[in-house]
Structures are given as C-alpha cells and as structure tokens.
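The structure under discussion appears below in the form of structure tokens.
Values below: every heavy atom of this structure, side chains too, minus hydrogens, waters and symmetry copies. We count ligands from 1, going down the list as the structure has it; atoms in each ligand are counted the same way. Numbering starts at 1 and runs along the sequence shown.
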Amino acid sequence: MTIATTEIDLSQYPFINKGLEGIVAFSTTKSSVDGQIGELIYGGYNINTLAEKSTFEEVCFLLWEDRLPTQTELDELKIALQTNRELPSQVLDYIRNTNKNAEPMSVLRTAVSMLADFDENLDFKSHVENYRRSIELTAKIPTIIAAFDRVRNGKEIVAPLNSGSTAFNFLYMLNGVQPGEKAEKVLDLCLILHAEHGMNASTFTARAVCSTEADIYSAITGALGSLKGPLHGGANTAVMNLLLDLKKQYSPDPVQFVKDKLARKEKISGFGHRIYKTFDPRASHLQKLSKALAEETGHIELYNWSIAMMETMKSEKNIDPNVDFFSATVYYSMGIMPDLYTAIFALSRISGWAGHFMEQMENNRLIRPKSLFTLEKNMVWTPIADRA
Ligand code: COA
C-alpha cells in the first residue's frame, strides 16, 4: 500500500529531484559538459582539440594532474603504465576458471575487486598511494579484459608487452598479433573520447563510494557495476545487438524498425542523453570513424542503416545519437565482439573515475542525500498468525 505523497507534510520537502537532474553536487576540474551547445572540455581543453592532438596517456595525465605533461612527465607515465600491466597469478587463475559464458563486465568487476587483496598498503590513503593505484588500475584493466576474451574463446592468454601504448598493447593481447598503426590510432581516439564525462552515473557512484573513505578498488568496482547498465555504458553493446537483429531480418528496414520500436514506446539504445540537447561532440568523431572503417571492412550496410536510424530518430523524436551509437560499429569493424564494448568503455573511463576519486578525497564530504518516506508511520504490530 502506497500512501499518496499529498498526505505527507510536503513543506519539509519542496521537491523531489528524481534522477538528481540539474543538481550540482560537486565542483570539479575534470570536465565540463555543455549540453546546449554540444561542448565537452577535459581539464580546460576542448575534446575536439584533444581528439586531434593528444593521446590516451596524455589525457590520463591531464585528468589526474589538471595540466598537460611535459615530455619527460609523459614518458614517465607511459613507463609506469607499461610496467604495471601484469596481473597477480590469483587474478589470472580466477579469469581462467570462471564461467566462460560470464559477461565480460562481470568478470572485469570481480577481477578489479580482487586487485584490492594484493595491495599491501590498502590502509594508506595518501594522494601518492591513490595516484599509484590509479596507474595500476589503468594498466591492468586492459589485461583483464583481453585475458578473459582469450580464455573464453579457448585461446592462450597473451602476456602484456612492457612497451607500446595502451591501445597497441590491448589489441595485441586481444588478438595475439601486433596491430597496425591505423588500428592503434583508431582505438586510441576512442579511448580519448570515452575518458571523462561530467557527473555521469558511474562517476557519481565512484565519488559516493569514495566519500565514505572506502578504497579506490571499492569505488571502481562500484563504478563498473554502474557503467554496465544499458542506460549507461551498456548501451554500446545493445546498439550492436540491435543492428545485428536488423541484419537477421529477411528484408531489413531500419526506418520501420525504429518506428515500430517507438510505437511500442521502447527506448532505442545509443540515442538520447540527460545533458545533450544537441549532437554529442563525441558522436561526431565516432560517426566519421565508423564510416571510414565500415567502407574499409565491408560493413557499409551497417553504417547506412545507422544513418537511416539516426535520421528517423531525429524526425520522429528530435533525439540525436550519443557516444554509444557509432562506437558500436567502430568496434565491430575492428573485429571486436559486441559484448566487449562496455568493458572497452571502462578501459578508458578508469582515467576519469580515478581523477574524480582523487579529487573527492582531497575535499571530501560524505555524500548523503535524503529520501521521502511514503508509507504510514508507527503502524500497529499484528502477530503473524493474525495476518491475512
Ligand atoms: N529512444 C526513444 N525515446 C527516447 C530515448 C531513446 N533512446 N531517449 C529518450 N527518449 C524519450 C523518452 O521516451 C521521453 O519521451 P517522452 O517525453 O515522450 O516520454 C523523452 O525522450 C525523455 O527521456 P528520458 O528517459 O526521461 O530522459 P533521461 O534524461 O532520463 O534519459 C537516457 C537519458 C540516456 C537514459 C535516455 O535517453 C535513454 O534511455 N537512452 C537509451 C540508452 C542509452 O543510449 N544510454 C547511453 C547514454 S550515453
């Protein structure tokens, strides 16, 4: 029985902000998202500039230090990332022995949580320790994802290289062969575009866990759980599954496909955003990549269907694609299994989560909003035998 909220003294609660929409809970130096003009800034730099000129490792430095690195600093960070890629043998054993049909995001979440067991200084909460942990997590997450994909496909795990970029090494561990320069560059750009994005659900989760003074492994484990959902990072896998469903149809019609879904009041993954009321600037970059790769790899049909879906969503609902829409076909053209896409999102977003964790630690206050109780209070206790 739910009591109507009108029976409650609402004067105490002027409004309930479902979804915390529009609430400013923190100040941050990490990123700014302006949904009206479609502008995304990391640490002061426009995403378009970073996409053109930067690398994922440089973006990590920017998100953790709030400035661009010197060449020496960037070289040091790259070496630190390269030399921390190996996993503890117990984590590898878990990856080898878990259910081969498990979801990659579930395996990633569990393996990240396990890493806490091998941190000898878990009680040390200094910035220096958390910076070290941020490097370790960023270095090890690609190894976890690639190792599980190899194991579930009956292949030997490929040990990480202690050289090369995050993108290069990940593709190498995933496929067992060194990627070409173009594949490395494409993935590096995807990692830049996914690194950070304001107070999204997984970042908020990481900060909420951090605010209790729990360790960074707990915060990132929570963030991974949040990212996994189809309304957040899980959307990229869902987009690819939609396109593959369409491909299975006898006579695929992407326009009708979208119209039918809308008529059934279903949400279409890869479209819409809480903040963007215009084109997501990340989607523009990914659309260009998607087209170029689709042409090159013989998937132009999927790209054309994506465009037809995009145009139909615009004309029917005035809703634009988000970051997940075109990233799906980019990864598909690179030969990556659809259920890995959200994990690849996490492989990049760890940089933003870690930046927010360290920022929260430096100026912490327990995150503790209120809720409005909607049942009658102090009800009369009925013995169990007398209950209907
Ligand atoms: N497909 C169809 N309709 C959508 C839609 C979508 N993907 N996204 C939003 N809408 C519609 C809603 O049905 C609603 O329409 P109505 O007012 O006629 O009822 C309106 O747009 C507002 O949607 P709402 O869900 O309240 O907005 P929100 O700010 O809570 O939602 C998302 C943001 C991301 C949760 C939502 O757009 C969504 O579910 N998208 C699909 C999942 C996705 O791609 N997530 C990744 C985000 S980066």
Side-chain angles (χ1 to χ4, degrees), residues 15-25 31-36 38-40 42 47 105 190-206 223-246 254-287 290 305-332 338-339 341-349 352-353:
F15 57 86
I16 298 176
N17 201 312
K18 214 175 157 196
L20 299 183
E21 187 166 354
I23 299 285
V24 178
S31 63
S32 156
V33 187
D34 186 328
Q36 298 304 321
E39 179 189 75
L40 171 59
Y42 295 173
I47 192 66
M105 277 299 281
C190 292
L191 299 185
I192 293 170
L193 296 173
H194 285 82
E196 164 59 10
H197 205 239
M199 204 38 56
N200 58 86
S202 56
T203 301
F204 182 78
T205 306
L224 285 162
S226 173
L227 186 75
K228 185 174 183 288
L231 296 190
H232 192 7
N236 53 14
T237 294
V239 168
M240 201 60 236
N241 289 338
L242 276 184
L243 287 166
L244 293 175
D245 277 354
L246 192 57
V255 173
Q256 199 54 45
F257 185 71
V258 168
K259 286 185 176 172
D260 289 348
K261 277 191 167 292
L262 293 179
R264 292 194 298 269
K265 301 254 175 259
E266 288 174 19
K267 290 265 190 79
I268 302 182
S269 298
F271 289 94
H273 200 274
R274 174 62 61 79
I275 305 289
Y276 290 117
K277 298 305 163 208
T278 181
F279 217 86
D280 180 334
R282 303 167 298 173
S284 307
H285 289 277
L286 289 161
Q287 182 181 345
S290 172
W305 291 345
S306 302
I307 297 299
M309 288 172 75
M310 180 174 89
E311 287 168 357
T312 313
M313 278 299 275
K314 191 71 186 167
S315 58
E316 295 288 313
K317 296 282 288 182
N318 195 25
I319 294 179
D320 289 304
N322 57 47
V323 69
D324 295 307
F325 191 62
F326 287 107
S327 65
T329 37
V330 168
Y331 297 143
Y332 190 77
D339 66 353
Y341 300 172
T342 313
I344 295 174
F345 190 153
L347 184 164
S348 160
R349 185 56 62 84
W353 291 333

>> For ligand 1, which is the ligand I care about here, please tell me if K277 has any N or O atom under 3.5 Å from one of the ligand's N or O atoms.
In response: no
>> As an exercise, identify every atom of ligand 1 less than 4.0 angstrom from a heavy atom of A235.
In response: 43 (C), 44 (O), 45 (N), 46 (C)
>> Centroid separation under 6.0 Å, is that true for the rings of H197 and Y276?
In response: yes
> Which one holds for L231 and ligand 1: side chain close, backbone close, both close, or neither close, with close meaning a heavy atom under 4.0 Å?
Replying inline: both
>> Which option wins on minimum heavy-atom distance to atom 24 (P) of ligand 1: K267, K18, H232?
In response: K267
>> Can you classify the ring geometry of Y341 versus Y331 as parallel (below 30°), tilted (30 to 60°) or perpendicular (above 60°)?
In response: tilted
> Do any N or O atoms from the side chain of S269 and from the backbone of V239 form a donor-acceptor pair under 3.5 angstrom?
Replying inline: no
> Any N or O of E266 that comes nearer than 3.5 Å to an N or O of ligand 1?
Replying inline: no
> What part of P230, side chain, backbone, both or neither, has a heavy atom within less than 4.0 angstrom of ligand 1?
Replying inline: backbone
>> Under 4.0 Å from atom 20 (C) of ligand 1, can you find at least one protein heavy atom?
In response: no
>> Less than 4.0 Å is my threshold; does some heavy atom of L262 fall inside it relative to ligand 1?
In response: yes
>> For the backbone of G198 and the side chain of S31, can you confirm whether one donor and one acceptor N or O come within less than 3.5 Å of each other?
In response: yes
> What is the nearest protein non-hydrogen atom to atom 1 (N) of ligand 1, stated with its residue, atom name and distance?
Replying inline: I268 N, 2.9 Å
> Which heavy atom of the protein is the closest neighbour of atom 40 (N) of ligand 1, given with residue, atom name and distance?
Replying inline: F271 O, 2.9 Å
> How long is the gap from CZ on F279 to NZ on K314, to the nearest 0.5 Å?
Replying inline: 8.5 Å
>> Is there a side-chain contact between R349 and N200 in this structure, where contact means two heavy atoms from C-beta onward sitting under 4.5 Å apart?
In response: yes
> Which ligand 1 atoms are under 4.0 Å away from a heavy-atom of H273?
Replying inline: 33 (C), 37 (O), 48 (S)
> From atom 17 (O) of ligand 1, is the closest protein heavy-atom distance below 4.0 Å?
Replying inline: no
> Is there a side-chain contact between L246 and P254, using heavy atoms and a 4.5 Å cut-off?
Replying inline: yes
> Under 4.5 Å between any side-chain heavy atoms of F345 and M105, yes or no?
Replying inline: no
>> Just to be sure I read this right, does ligand 1 sit under 4.0 Å from the backbone of M313, its side chain, both, or neither, counting only heavy atoms?
In response: side chain
> Within 4.0 Å of atom 14 (C) of ligand 1 (strictly less), any protein heavy atom?
Replying inline: no
> In ligand 1, which numbered atoms sit nearer than 4.0 Å to a non-hydrogen atom of G272?
Replying inline: 34 (C), 37 (O)
>> With a 4.5 Å cut-off on side-chain heavy atoms, are F257 and I268 touching?
In response: no
> Rounded to the nearest 0.5 Å, what separation is found between the CZ atom of F326 and the CG atom of L193?
Replying inline: 13.5 Å
> Does G270 reach ligand 1, in the sense of a heavy atom lying below 4.0 Å from it?
Replying inline: yes
> So, for atom 32 (C) of ligand 1, does the protein have a heavy atom nearer than 4.0 Å?
Replying inline: no
> Is there a side-chain contact between M199 and V33 (heavy atoms, below 4.5 Å)?
Replying inline: no
>> What protein heavy atom lies closest to atom 29 (O) of ligand 1? Include the residue and the distance to one decimal.
In response: R274 NE, 2.7 Å
> Can you list the atoms of ligand 1 that are under 4.0 Å from a heavy atom of D324?
Replying inline: 46 (C), 48 (S)
> Roughly how far, to the nearest 0.5 Å, is the NE2 atom of H194 from the CG atom of L347?
Replying inline: 11.0 Å
> Is ligand 1 less than 4.0 angstrom away from at least one heavy atom of K261?
Replying inline: no
>> Any protein heavy atom at under 4.0 Å, with atom 27 (O) of ligand 1 as the reference point?
In response: no
> Is ligand 1 under 4.0 Å from a heavy atom in the side chain of I319, in the backbone, in both, or in neither?
Replying inline: side chain
>> Using side-chain contact (heavy atoms from CB on, under 4.5 Å), reason through T203 and W353 one step at a time and then give a plain yes or no.
In response: CA-CA 6 Å; T203 301; W353 291 333; 3.5 Å; yes
